[in-house]
Amino acid sequence: MKYISTRGTAPVLDFEDTLLAGLATDGGLYVPESWPRLSRETLATFKDKSYAEVAYEVLQPFIGGTPDNDRFREILQSAYQAFEVPEVAPVVPLGGQHYLLELFHGPTLAFKDVAMQLLARLMDEALARRGRRATIIGATSGDTGGAAIEAFRGLENIDIFIFFPKGRVSDVQRKQMTTPTDSNVHALAIEGTFDDCQALVKDMFNDADFRQETGLAGVNSINWARVMAQTVYYFTASAQLGGPDKEIAFSVPTGNFGDIFAGYVAKQMGLPIAQLMIATNINDILARVLKTGIYEIGDVVASTSPSMDIQVSSNFERLLFEATGRNAGEVCRLMGELAEKRKFSLSPDVLDVMRASFAAERVDEVETAKIIKDMFETDEMLLDPHTAVGYGAALRSDLPTSTPIVTLATAHPAKFPASVEKACNRQAEEIIDTPERVQVMMKQDEKYETYPNELAGVQDFIRQKKTD
Ligand SMILES: *Cc1c(COP(=O)(O)O)cnc(C)c1O
(Lines give C-alpha, C1' and ligand atoms only; values in the text may rest on other atoms or scores of the structure.)
Protein backbone atom coordinates (compact mmCIF):
# COMPACT_ATOMS: atom_id res chain seq x y z
CA MET A 1 0.00 0.00 0.00
CA LYS A 2 1.20 3.51 -0.87
CA TYR A 3 0.38 6.63 1.14
CA ILE A 4 -0.31 10.10 -0.24
CA SER A 5 -0.54 13.49 1.48
CA THR A 6 -3.83 15.37 1.83
CA ARG A 7 -1.98 18.42 0.43
CA GLY A 8 -0.71 16.62 -2.64
CA THR A 9 2.98 17.55 -2.89
CA ALA A 10 4.85 15.46 -0.28
CA PRO A 11 6.56 12.27 -1.48
CA VAL A 12 4.44 9.12 -1.80
CA LEU A 13 5.56 6.67 0.91
CA ASP A 14 5.15 3.03 1.84
CA PHE A 15 3.70 1.98 5.20
CA GLU A 16 6.88 2.01 7.30
CA ASP A 17 8.04 5.38 6.02
CA THR A 18 4.58 6.81 6.73
CA LEU A 19 4.77 5.35 10.24
CA LEU A 20 8.13 6.99 10.94
CA ALA A 21 7.34 10.29 9.18
CA GLY A 22 4.18 11.32 11.09
CA LEU A 23 3.29 14.63 9.42
CA ALA A 24 3.93 14.95 5.65
CA THR A 25 6.61 17.44 4.50
CA ASP A 26 3.97 19.61 2.77
CA GLY A 27 2.12 20.03 6.09
CA GLY A 28 -0.55 17.50 5.11
CA LEU A 29 -1.56 14.16 6.63
CA TYR A 30 -0.89 10.79 5.04
CA VAL A 31 -3.80 8.65 3.83
CA PRO A 32 -3.79 5.36 1.87
CA GLU A 33 -3.86 5.78 -1.89
CA SER A 34 -7.12 3.77 -1.91
CA TRP A 35 -9.36 2.08 0.67
CA PRO A 36 -9.04 -1.71 0.82
CA ARG A 37 -12.45 -3.49 0.78
CA LEU A 38 -13.35 -6.49 2.91
CA SER A 39 -16.02 -8.80 1.49
CA ARG A 40 -19.23 -9.60 3.38
CA GLU A 41 -18.02 -13.19 3.65
CA THR A 42 -14.87 -12.04 5.40
CA LEU A 43 -16.84 -9.76 7.75
CA ALA A 44 -19.17 -12.66 8.59
CA THR A 45 -16.21 -14.68 9.96
CA PHE A 46 -15.27 -12.01 12.51
CA LYS A 47 -17.75 -13.07 15.18
CA ASP A 48 -15.77 -16.29 15.71
CA LYS A 49 -12.34 -14.67 15.71
CA SER A 50 -10.19 -13.20 18.48
CA TYR A 51 -9.44 -9.46 18.55
CA ALA A 52 -5.89 -10.05 17.27
CA GLU A 53 -7.17 -12.25 14.42
CA VAL A 54 -9.68 -9.61 13.31
CA ALA A 55 -6.93 -6.99 13.58
CA TYR A 56 -4.80 -9.05 11.22
CA GLU A 57 -7.56 -9.27 8.57
CA VAL A 58 -8.42 -5.58 8.83
CA LEU A 59 -4.88 -4.18 8.98
CA GLN A 60 -2.83 -6.45 6.74
CA PRO A 61 -3.92 -4.64 3.53
CA PHE A 62 -2.58 -1.36 4.98
CA ILE A 63 0.81 -2.83 5.88
CA GLY A 64 1.64 -4.32 2.51
CA GLY A 65 4.04 -7.07 3.58
CA THR A 66 6.62 -5.19 5.71
CA PRO A 67 6.80 -6.51 8.40
CA ASP A 68 5.98 -9.86 6.79
CA ASN A 69 2.66 -11.53 7.58
CA ASP A 70 3.93 -13.98 10.21
CA ARG A 71 5.86 -11.31 12.06
CA PHE A 72 2.87 -8.96 11.88
CA ARG A 73 0.66 -11.62 13.49
CA GLU A 74 3.19 -11.97 16.35
CA ILE A 75 3.30 -8.21 16.87
CA LEU A 76 -0.51 -8.06 17.06
CA GLN A 77 -0.64 -10.91 19.59
CA SER A 78 1.90 -9.20 21.79
CA ALA A 79 0.26 -5.74 21.53
CA TYR A 80 -3.14 -6.91 22.71
CA GLN A 81 -1.78 -9.08 25.50
CA ALA A 82 -1.26 -5.80 27.37
CA PHE A 83 -5.06 -5.69 27.98
CA GLU A 84 -6.81 -6.91 31.12
CA VAL A 85 -9.66 -8.71 29.38
CA PRO A 86 -9.30 -11.32 26.63
CA GLU A 87 -11.88 -9.59 24.38
CA VAL A 88 -9.67 -6.44 24.49
CA ALA A 89 -12.71 -4.24 23.73
CA PRO A 90 -15.91 -5.79 25.19
CA VAL A 91 -19.42 -4.61 24.24
CA VAL A 92 -21.80 -4.08 27.19
CA PRO A 93 -25.59 -3.54 26.82
CA LEU A 94 -27.06 -0.37 28.35
CA GLY A 95 -30.72 -1.16 27.65
CA GLY A 96 -32.86 -0.49 24.59
CA GLN A 97 -30.83 0.16 21.48
CA HIS A 98 -27.79 1.38 23.44
CA TYR A 99 -24.43 -0.32 24.04
CA LEU A 100 -21.02 0.65 25.39
CA LEU A 101 -17.77 -0.38 23.73
CA GLU A 102 -15.26 -0.51 26.59
CA LEU A 103 -11.93 0.68 25.27
CA PHE A 104 -10.32 1.35 28.65
CA HIS A 105 -8.94 -2.06 29.66
CA GLY A 106 -5.38 -1.20 28.64
CA PRO A 107 -2.50 -0.24 30.94
CA THR A 108 -3.37 3.48 31.23
CA LEU A 109 -7.18 3.17 31.34
CA ALA A 110 -7.93 5.13 28.15
CA PHE A 111 -8.57 4.08 24.55
CA LYS A 112 -5.25 5.54 23.41
CA ASP A 113 -3.56 2.34 24.64
CA VAL A 114 -5.26 0.32 21.89
CA ALA A 115 -3.37 2.10 19.11
CA MET A 116 -0.23 3.05 21.02
CA GLN A 117 0.63 -0.52 22.03
CA LEU A 118 0.67 -1.49 18.35
CA LEU A 119 2.36 1.69 17.09
CA ALA A 120 5.31 1.32 19.51
CA ARG A 121 6.01 -2.26 18.47
CA LEU A 122 5.74 -1.44 14.75
CA MET A 123 8.15 1.49 15.14
CA ASP A 124 10.70 -0.50 17.11
CA GLU A 125 10.57 -3.23 14.47
CA ALA A 126 11.00 -0.78 11.57
CA LEU A 127 13.96 0.91 13.28
CA ALA A 128 15.66 -2.39 14.11
CA ARG A 129 15.42 -3.50 10.47
CA ARG A 130 17.00 -0.22 9.36
CA GLY A 131 19.67 -0.28 12.07
CA ARG A 132 18.47 3.12 13.29
CA ARG A 133 17.40 4.72 16.55
CA ALA A 134 14.69 7.33 17.08
CA THR A 135 13.79 9.89 19.71
CA ILE A 136 10.06 10.22 20.31
CA ILE A 137 8.89 13.60 21.55
CA GLY A 138 5.32 14.43 22.45
CA ALA A 139 3.21 16.99 24.30
CA THR A 140 0.26 15.81 26.34
CA SER A 141 -2.73 17.30 28.07
CA GLY A 142 -3.02 14.03 29.97
CA ASP A 143 -3.91 10.75 28.28
CA THR A 144 -1.54 10.55 25.30
CA GLY A 145 1.63 10.91 27.41
CA GLY A 146 0.88 8.00 29.72
CA ALA A 147 -0.24 5.73 26.88
CA ALA A 148 2.91 6.55 24.88
CA ILE A 149 5.30 6.03 27.80
CA GLU A 150 3.63 2.77 28.75
CA ALA A 151 3.89 1.52 25.15
CA PHE A 152 7.48 2.63 24.46
CA ARG A 153 9.08 1.88 27.85
CA GLY A 154 11.96 -0.56 27.65
CA LEU A 155 12.06 -0.69 23.82
CA GLU A 156 15.56 -1.04 22.42
CA ASN A 157 15.75 1.45 19.61
CA ILE A 158 13.75 4.35 21.00
CA ASP A 159 14.06 7.04 23.67
CA ILE A 160 10.86 8.84 24.64
CA PHE A 161 10.47 12.37 26.05
CA ILE A 162 7.00 13.56 27.07
CA PHE A 163 6.19 17.16 28.05
CA PHE A 164 3.22 17.86 30.27
CA PRO A 165 1.99 21.18 31.70
CA LYS A 166 3.09 21.34 35.32
CA GLY A 167 0.17 21.12 37.77
CA ARG A 168 -2.42 20.77 35.02
CA VAL A 169 -2.82 17.02 34.69
CA SER A 170 -4.67 14.75 37.11
CA ASP A 171 -2.73 12.76 39.76
CA VAL A 172 -3.41 9.47 38.00
CA GLN A 173 -2.29 10.90 34.67
CA ARG A 174 0.94 12.33 36.15
CA LYS A 175 1.81 9.12 38.00
CA GLN A 176 1.35 7.12 34.80
CA MET A 177 4.09 9.26 33.24
CA THR A 178 6.44 9.57 36.20
CA THR A 179 6.50 6.14 37.86
CA PRO A 180 8.01 4.00 35.04
CA THR A 181 11.71 3.45 35.87
CA ASP A 182 12.97 2.41 32.41
CA SER A 183 16.07 4.29 31.31
CA ASN A 184 14.58 5.22 27.90
CA VAL A 185 11.64 7.09 29.48
CA HIS A 186 11.75 10.80 30.37
CA ALA A 187 8.81 12.87 31.63
CA LEU A 188 9.24 16.64 31.81
CA ALA A 189 6.94 19.01 33.67
CA ILE A 190 7.00 22.29 31.75
CA GLU A 191 6.22 25.52 33.56
CA GLY A 192 3.45 26.50 31.15
CA THR A 193 0.25 25.33 29.48
CA PHE A 194 -0.48 22.43 27.14
CA ASP A 195 -0.20 24.86 24.22
CA ASP A 196 3.31 25.80 25.42
CA CYS A 197 4.26 22.12 25.48
CA GLN A 198 2.91 21.67 21.97
CA ALA A 199 4.79 24.72 20.74
CA LEU A 200 8.05 23.27 22.13
CA VAL A 201 7.46 20.05 20.19
CA LYS A 202 6.69 21.97 17.02
CA ASP A 203 9.81 24.13 17.40
CA MET A 204 11.97 21.04 17.85
CA PHE A 205 10.56 19.46 14.70
CA ASN A 206 11.22 22.72 12.83
CA ASP A 207 14.86 22.79 13.99
CA ALA A 208 16.34 20.75 11.11
CA ASP A 209 19.76 20.18 12.74
CA PHE A 210 18.25 19.04 16.02
CA ARG A 211 15.74 16.87 14.21
CA GLN A 212 18.54 15.16 12.26
CA GLU A 213 20.90 14.80 15.23
CA THR A 214 18.30 13.16 17.48
CA GLY A 215 16.25 11.26 14.86
CA LEU A 216 12.99 12.84 16.02
CA ALA A 217 9.72 11.00 15.50
CA GLY A 218 6.19 11.83 16.65
CA VAL A 219 3.31 9.79 18.03
CA ASN A 220 0.50 12.30 18.13
CA SER A 221 -2.90 11.44 16.73
CA ILE A 222 -2.11 12.52 13.17
CA ASN A 223 0.16 9.48 12.82
CA TRP A 224 -1.63 7.24 10.30
CA ALA A 225 -0.79 4.05 12.22
CA ARG A 226 -2.83 5.26 15.20
CA VAL A 227 -5.94 5.89 13.10
CA MET A 228 -5.44 2.57 11.34
CA ALA A 229 -5.20 0.62 14.62
CA GLN A 230 -8.44 2.21 15.85
CA THR A 231 -10.50 0.87 12.92
CA VAL A 232 -10.31 -2.66 14.35
CA TYR A 233 -12.76 -2.22 17.23
CA TYR A 234 -15.50 -0.93 14.93
CA PHE A 235 -15.32 -4.32 13.20
CA THR A 236 -15.24 -6.39 16.40
CA ALA A 237 -18.14 -4.40 17.92
CA SER A 238 -20.26 -4.81 14.80
CA ALA A 239 -19.55 -8.56 14.72
CA GLN A 240 -20.82 -8.90 18.30
CA LEU A 241 -24.09 -7.12 17.49
CA GLY A 242 -25.18 -8.92 14.33
CA GLY A 243 -22.97 -7.29 11.67
CA PRO A 244 -22.52 -7.40 8.74
CA ASP A 245 -26.21 -8.36 8.39
CA LYS A 246 -27.20 -5.47 10.61
CA GLU A 247 -26.20 -1.81 10.32
CA ILE A 248 -24.71 -0.40 13.53
CA ALA A 249 -24.33 3.25 14.61
CA PHE A 250 -21.45 4.59 16.71
CA SER A 251 -21.32 7.62 19.00
CA VAL A 252 -17.75 8.81 19.49
CA PRO A 253 -16.51 11.35 22.06
CA THR A 254 -14.38 13.47 19.77
CA GLY A 255 -11.49 15.94 20.06
CA ASN A 256 -8.84 15.58 17.38
CA PHE A 257 -11.16 13.53 15.12
CA GLY A 258 -8.78 10.53 15.08
CA ASP A 259 -11.01 7.96 16.74
CA ILE A 260 -14.12 8.81 14.73
CA PHE A 261 -12.20 9.05 11.46
CA ALA A 262 -11.19 5.43 12.11
CA GLY A 263 -14.94 4.64 12.03
CA TYR A 264 -15.21 6.36 8.66
CA VAL A 265 -12.30 4.22 7.41
CA ALA A 266 -14.12 1.08 8.60
CA LYS A 267 -17.18 2.21 6.62
CA GLN A 268 -15.09 2.82 3.48
CA MET A 269 -13.71 -0.71 3.90
CA GLY A 270 -17.23 -2.14 3.68
CA LEU A 271 -18.50 -2.28 7.28
CA PRO A 272 -22.24 -1.45 7.33
CA ILE A 273 -22.41 1.65 9.56
CA ALA A 274 -25.74 3.48 9.84
CA GLN A 275 -24.30 6.66 11.35
CA LEU A 276 -21.18 8.07 12.98
CA MET A 277 -22.17 10.52 15.71
CA ILE A 278 -19.57 13.19 16.49
CA ALA A 279 -20.04 13.86 20.22
CA THR A 280 -18.38 17.06 21.44
CA ASN A 281 -18.24 18.81 24.79
CA ILE A 282 -18.58 22.61 25.04
CA ASN A 283 -15.58 22.92 22.72
CA ASP A 284 -17.92 22.24 19.83
CA ILE A 285 -16.14 23.31 16.64
CA LEU A 286 -16.95 19.95 15.02
CA ALA A 287 -20.63 20.00 15.98
CA ARG A 288 -20.88 23.56 14.62
CA VAL A 289 -19.23 22.77 11.29
CA LEU A 290 -21.67 19.92 10.64
CA LYS A 291 -24.68 22.08 11.52
CA THR A 292 -23.62 25.33 9.80
CA GLY A 293 -20.91 24.43 7.28
CA ILE A 294 -18.57 26.94 8.92
CA TYR A 295 -15.37 25.71 10.57
CA GLU A 296 -14.34 28.49 12.93
CA ILE A 297 -11.70 28.34 15.66
CA GLY A 298 -12.84 29.69 19.02
CA ASP A 299 -11.11 29.80 22.41
CA VAL A 300 -10.53 26.56 24.27
CA VAL A 301 -12.68 26.32 27.42
CA ALA A 302 -11.64 23.92 30.21
CA SER A 303 -14.22 21.17 30.74
CA THR A 304 -14.59 17.97 32.79
CA SER A 305 -13.64 16.01 29.63
CA PRO A 306 -10.19 17.58 29.10
CA SER A 307 -9.02 15.19 26.37
CA MET A 308 -11.65 16.76 24.12
CA ASP A 309 -10.80 20.39 24.96
CA ILE A 310 -9.60 21.17 21.48
CA GLN A 311 -10.38 23.84 18.89
CA VAL A 312 -8.12 22.84 16.01
CA SER A 313 -9.09 19.28 15.19
CA SER A 314 -6.11 17.97 13.19
CA ASN A 315 -7.58 14.81 11.70
CA PHE A 316 -10.56 16.72 10.27
CA GLU A 317 -8.21 17.46 7.35
CA ARG A 318 -8.43 13.79 6.40
CA LEU A 319 -12.22 14.03 6.17
CA LEU A 320 -11.93 17.25 4.14
CA PHE A 321 -9.73 15.40 1.68
CA GLU A 322 -12.33 12.62 1.37
CA ALA A 323 -15.39 14.85 1.21
CA THR A 324 -13.87 17.05 -1.53
CA GLY A 325 -13.35 13.93 -3.67
CA ARG A 326 -9.66 13.74 -2.67
CA ASN A 327 -8.99 17.22 -4.01
CA ALA A 328 -5.60 18.20 -2.51
CA GLY A 329 -5.73 21.65 -4.13
CA GLU A 330 -9.02 22.40 -2.40
CA VAL A 331 -7.66 21.11 0.96
CA CYS A 332 -4.64 23.46 0.58
CA ARG A 333 -6.96 26.37 -0.19
CA LEU A 334 -9.17 25.70 2.87
CA MET A 335 -6.21 25.18 5.23
CA GLY A 336 -4.61 28.38 3.92
CA GLU A 337 -7.82 30.25 4.63
CA LEU A 338 -7.92 28.74 8.13
CA ALA A 339 -4.36 29.90 8.86
CA GLU A 340 -5.18 33.40 7.65
CA LYS A 341 -8.74 34.01 8.90
CA ARG A 342 -9.18 31.29 11.56
CA LYS A 343 -12.19 29.99 9.64
CA PHE A 344 -13.44 28.57 6.36
CA SER A 345 -16.81 27.63 4.83
CA LEU A 346 -17.67 24.30 3.26
CA SER A 347 -19.54 24.18 -0.04
CA PRO A 348 -23.03 22.62 0.12
CA ASP A 349 -21.77 19.60 -1.85
CA VAL A 350 -18.97 18.86 0.58
CA LEU A 351 -21.29 19.32 3.54
CA ASP A 352 -23.78 16.87 2.00
CA VAL A 353 -21.06 14.24 1.66
CA MET A 354 -20.17 14.66 5.34
CA ARG A 355 -23.79 14.56 6.49
CA ALA A 356 -24.33 11.31 4.61
CA SER A 357 -22.03 9.53 7.08
CA PHE A 358 -21.92 11.77 10.17
CA ALA A 359 -24.24 13.45 12.64
CA ALA A 360 -23.03 15.72 15.47
CA GLU A 361 -24.22 16.78 18.92
CA ARG A 362 -22.78 19.04 21.61
CA VAL A 363 -23.24 17.93 25.22
CA ASP A 364 -22.68 20.63 27.82
CA GLU A 365 -21.25 20.34 31.34
CA VAL A 366 -24.60 20.23 33.16
CA GLU A 367 -25.89 17.46 30.92
CA THR A 368 -22.63 15.49 31.20
CA ALA A 369 -22.80 15.53 35.00
CA LYS A 370 -26.50 14.58 34.91
CA ILE A 371 -25.81 11.59 32.68
CA ILE A 372 -23.07 10.35 35.04
CA LYS A 373 -25.42 10.73 38.01
CA ASP A 374 -28.45 9.12 36.34
CA MET A 375 -26.47 6.15 35.06
CA PHE A 376 -25.03 5.58 38.51
CA GLU A 377 -28.35 5.90 40.31
CA THR A 378 -30.45 3.82 37.94
CA ASP A 379 -27.94 1.18 36.78
CA GLU A 380 -25.01 1.42 39.20
CA MET A 381 -22.95 2.00 36.08
CA LEU A 382 -20.20 4.62 36.23
CA LEU A 383 -19.21 6.53 33.11
CA ASP A 384 -16.18 8.78 32.85
CA PRO A 385 -17.00 12.32 31.62
CA HIS A 386 -15.76 11.69 28.04
CA THR A 387 -17.93 8.59 27.73
CA ALA A 388 -20.87 10.51 29.25
CA VAL A 389 -20.57 13.09 26.44
CA GLY A 390 -20.69 10.24 23.93
CA TYR A 391 -23.74 8.67 25.55
CA GLY A 392 -25.50 12.03 25.79
CA ALA A 393 -25.10 12.48 22.04
CA ALA A 394 -26.24 8.89 21.39
CA LEU A 395 -29.46 9.53 23.37
CA ARG A 396 -30.34 12.35 20.96
CA SER A 397 -29.90 10.24 17.82
CA ASP A 398 -32.94 10.07 15.52
CA LEU A 399 -32.18 6.55 14.31
CA PRO A 400 -34.95 3.88 14.47
CA THR A 401 -34.94 1.88 17.70
CA SER A 402 -34.04 -1.26 15.73
CA THR A 403 -30.56 0.16 15.01
CA PRO A 404 -28.03 -0.58 17.75
CA ILE A 405 -26.07 2.52 18.83
CA VAL A 406 -22.65 1.83 20.31
CA THR A 407 -21.07 4.56 22.44
CA LEU A 408 -17.30 4.37 22.62
CA ALA A 409 -16.24 4.33 26.31
CA THR A 410 -12.89 6.07 25.92
CA ALA A 411 -11.70 6.19 29.55
CA HIS A 412 -12.21 4.36 32.84
CA PRO A 413 -13.96 6.46 35.53
CA ALA A 414 -10.95 5.86 37.86
CA LYS A 415 -8.96 8.17 35.60
CA PHE A 416 -11.23 11.15 36.36
CA PRO A 417 -12.35 10.53 39.96
CA ALA A 418 -12.88 14.19 40.88
CA SER A 419 -15.52 14.79 38.19
CA VAL A 420 -17.27 11.50 38.90
CA GLU A 421 -17.32 12.24 42.63
CA LYS A 422 -18.81 15.66 42.05
CA ALA A 423 -21.46 14.47 39.58
CA CYS A 424 -22.64 11.63 41.87
CA ASN A 425 -22.17 13.58 45.09
CA ARG A 426 -20.47 10.54 46.65
CA GLN A 427 -16.89 9.83 47.77
CA ALA A 428 -14.82 8.50 44.85
CA GLU A 429 -13.36 5.64 46.94
CA GLU A 430 -16.87 4.40 47.77
CA ILE A 431 -18.12 4.17 44.22
CA ILE A 432 -15.17 3.77 41.82
CA ASP A 433 -13.68 0.34 41.38
CA THR A 434 -10.04 1.37 40.80
CA PRO A 435 -8.04 -1.45 39.18
CA GLU A 436 -5.45 -2.95 41.53
CA ARG A 437 -2.51 -2.09 39.28
CA VAL A 438 -3.50 1.58 39.43
CA GLN A 439 -3.73 1.47 43.23
CA VAL A 440 -0.21 0.01 43.32
CA MET A 441 1.07 2.65 40.91
CA MET A 442 -0.35 5.49 42.99
CA LYS A 443 1.99 4.49 45.84
CA GLN A 444 5.16 4.33 43.72
CA ASP A 445 7.93 6.95 43.65
CA GLU A 446 7.89 9.54 40.91
CA LYS A 447 10.78 10.53 38.67
CA TYR A 448 10.57 13.66 36.54
CA GLU A 449 12.34 16.93 35.80
CA THR A 450 10.79 20.37 35.84
CA TYR A 451 11.87 22.83 33.16
CA PRO A 452 10.94 26.41 32.31
CA ASN A 453 9.15 26.92 29.00
CA GLU A 454 12.36 27.50 27.01
CA LEU A 455 13.44 25.59 23.93
CA ALA A 456 17.22 25.60 24.49
CA GLY A 457 17.12 24.04 27.96
CA VAL A 458 14.78 21.28 26.90
CA GLN A 459 16.89 20.52 23.82
CA ASP A 460 20.03 20.25 25.97
CA PHE A 461 18.25 17.84 28.27
CA ILE A 462 17.29 15.62 25.33
CA ARG A 463 20.83 15.65 23.90
CA GLN A 464 22.23 14.63 27.28
CA LYS A 465 19.73 11.90 28.09
CA LYS A 466 19.16 10.17 24.79
CA THR A 467 20.96 6.89 24.19
CA ASP A 468 23.82 7.19 21.67
C1 LIG B 1 -8.02 11.45 23.26
C2 LIG B 1 -9.32 11.20 23.91
C3 LIG B 1 -10.55 11.48 23.26
C4 LIG B 1 -10.62 12.14 21.90
O5 LIG B 1 -10.13 11.32 20.86
P6 LIG B 1 -9.79 11.96 19.43
O7 LIG B 1 -9.20 10.84 18.63
O8 LIG B 1 -8.79 13.06 19.71
O9 LIG B 1 -11.05 12.49 18.85
C10 LIG B 1 -11.72 11.14 23.91
N11 LIG B 1 -11.71 10.59 25.14
C12 LIG B 1 -10.56 10.31 25.81
C13 LIG B 1 -10.63 9.73 27.17
C14 LIG B 1 -9.33 10.60 25.22
O15 LIG B 1 -8.18 10.33 25.88
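Both ligands and their constituent atoms are indexed starting at 1 by order of listing.
Taking the six-membered ring for Trp and the full ring otherwise, Phe72 and Phe15 have centroids separated by 6.0 Å or more. Between Phe161 and His186, a ring centre-to-centre spacing shorter than 6.0 Å is recorded. Between Phe83 and Tyr51, the distance from one ring center to the other does not fall under 6.0 angstrom.
By the 30° and 60° cut-offs, the orientation of the rings of Phe344 relative to Phe316 is parallel. Taking the six-membered ring where the residue is Trp, Tyr264 and Phe358 present parallel rings, their angle staying beneath 30° rather than reaching 60°.
For atom 3 (C) of ligand 1, the closest non-hydrogen atom of the protein is Phe111 CE2, 3.6 Å. Atom 8 (O) of ligand 1 has as its closest protein heavy atom Asn256 N, 2.8 Å. Given atom 11 (N) of ligand 1, the protein heavy atom at minimum distance is Thr410 OG1, 2.9 Å. If you check which protein heavy atom lies closest to atom 9 (O) of ligand 1, you get Gly255 N, 2.8 Å. Summary of contacts: the protein heavy atom closest to atom 2 (C) of ligand 1 is Lys112 NZ, 2.5 Å.
Every heavy atom of Phe104 sits 4.0 Å or more from the atoms of ligand 1.
Of all the atoms in ligand 1, the ones that sit under 4.0 Å from a non-hydrogen atom of Thr254 are 9 (O). Residue-ligand proximity, Pro253 to ligand 1, at heavy-atom distances under 4.0 Å covers atoms 4 (C), 10 (C). Close approach of ligand 1 to Ala411 (heavy-atom distance below 4.0 Å) involves ligand atoms 13 (C).
Using a 4.0 Å cut-off between charged nitrogen and carboxylate oxygen, Asp124 and Arg121 do not count as a salt-bridge pair.
Residue Glu436 places its CD atom among 12 or fewer non-hydrogen atoms of other residues, nucleotides or ligands, all under 6.0 Å distant.
Between Met308 and ligand 1, a contact under 3.5 Å exists for no N or O pair. For ligand 1, one of its N or O atoms has an N or O atom of Gly258 under 3.5 Å away. By the 3.5 Å distance cut-off applied to N or O atoms, Asp259 is counted among the residues near ligand 1. Polar contact check, Asp384 against ligand 1: no nitrogen or oxygen pair lies under 3.5 Å apart.
A donor atom on one side chain and an acceptor atom on the other are found under 3.5 Å apart for Lys267 and Ser357. Judged purely by distance below 3.5 Å, without hydrogens or angles, the side chains of Thr304 and Glu365 pair a donor atom with an acceptor atom.
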